[in-house]
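A short worksheet on the structure shown next.
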Amino acid sequence: DALEIALRVAGIRAGDKVLTTPLSAFATTLAILRAGGTPVFVDVNESGLLDLELAERRLEAKDIRFILPVHLFGHAHDLQALAAMSQKHGAILIEDCAQSILAKSRGALTGSVGLLSATSFYPTKNLGCLGDGGALLTNDEQLAQHAKALRDYGQSSKYLHDRLGLNSRLDELQAAFLISAQLPRLEDWTARRISIAAEYSAGLKGSRFTLPPVPEGSQSVWHLFPILVDSNRDGFLQHLKASGIGGGVHYPHLIPHQDALRGVASETSGSLEKATRFAQFEVSLPIHPFMSVADVERVLETCLAWRG
Ligand SMILES: *Cc1c(COP(=O)(O)O)cnc(C)c1O
């Protein structure tokens, strides 16, 4: 909802083209479609994030109105590059920060360069509440007022509806829980995620698994820890499961290939070769702040013991 509202307050019109990634939660593209936009999918890079060079090339056609990148896995895109690209091509930048809260690119926080940025408080995110929730970030007061009206049935003041809005309020209980219980712990939790990622990276170095590189300049917050298992991924997931370890896949189906997009206006620019590689071979190892040292060691040992 935050992404949909962001696109709407930024002035999206029916059929406007929105450049985005095929490798994300379906929600990213769903927001574009619900706002009336046409998604334009561009392949990802080795890290699994939107390939900014390919994006730049597609932007040359001058028909793209919005860029909606995702700081996937908790890795920060190069924010300077995003800002420069948005300026050069007159395309409005909206950042999907659902996985990247506190992630930085060369010292700057994700969510700080988009005209608007959205994040999610779904319980599995780095900063989660007890149910569904999210937030929209902007430093433009007018856009903020507009967004506040849209999240509340489009009412600008009580019982006065200027626009067709949504019911996307964050309820007080969730807000209180986030502010009092969760937010004060976010930095420590993030530090723990970073340290687990460092242990995984060191432990899997030189192994049969491919570790996708972290984007240059990214201080990642490791929402997920992706590895590529180039053969028999299902066997590997089974092997983890047999040891009581839950592996994930992010994401098994590319968004443009989902049935819901059949017959819906969208464009795929070039091949989606690298995104397809993630869809076929990616496995997300368990990573969360409550894992003990022993848990992390056991995951590593189990990975290294795989002979499939
Ligand atoms: C989780 C997620 C969303 C959707 O967030 P919800 O709060 O579940 O609607 C959008 N984009 C990305 C990248 C996500 O990981």
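Both counts, for ligands and for their atoms, begin at 1 and track the order of listing. When reading the values below, keep in mind they use all heavy atoms of this one structure, side chains included, and skip hydrogens, waters and symmetry mates.
Within 4.0 Å of ligand 1, counting heavy atoms only, the contacting residues are S24, A25, A27, T28, V70, D96, A98, Q99, S120, K125, G133.
A donor-acceptor pair under 3.5 Å links the side-chain atoms of T20 to the main chain of L68, judged by distance alone.
Each of L82 and L137 belongs to its own hydrophobic cluster when Ile, Leu, Val, Met, Phe, Trp and Tyr are linked at side-chain heavy-atom distances under 4.5 angstrom. In terms of hydrophobic clustering, with Ile, Leu, Val, Met, Phe, Trp and Tyr side chains grouped at heavy-atom distances under 4.5 Å, I255 and L272 are assigned to different clusters.
Between H75 and W222, the ring center distance clears the sub-6.0 Å criterion.
Residues forming a salt bridge (charged side-chain N to carboxylate O under 4.0 Å, His left out) with E56 (at least two apart in sequence, or on another chain): K88.
Side-chain N/O atoms of E216 and S218 include no donor and acceptor closer than 3.5 Å.
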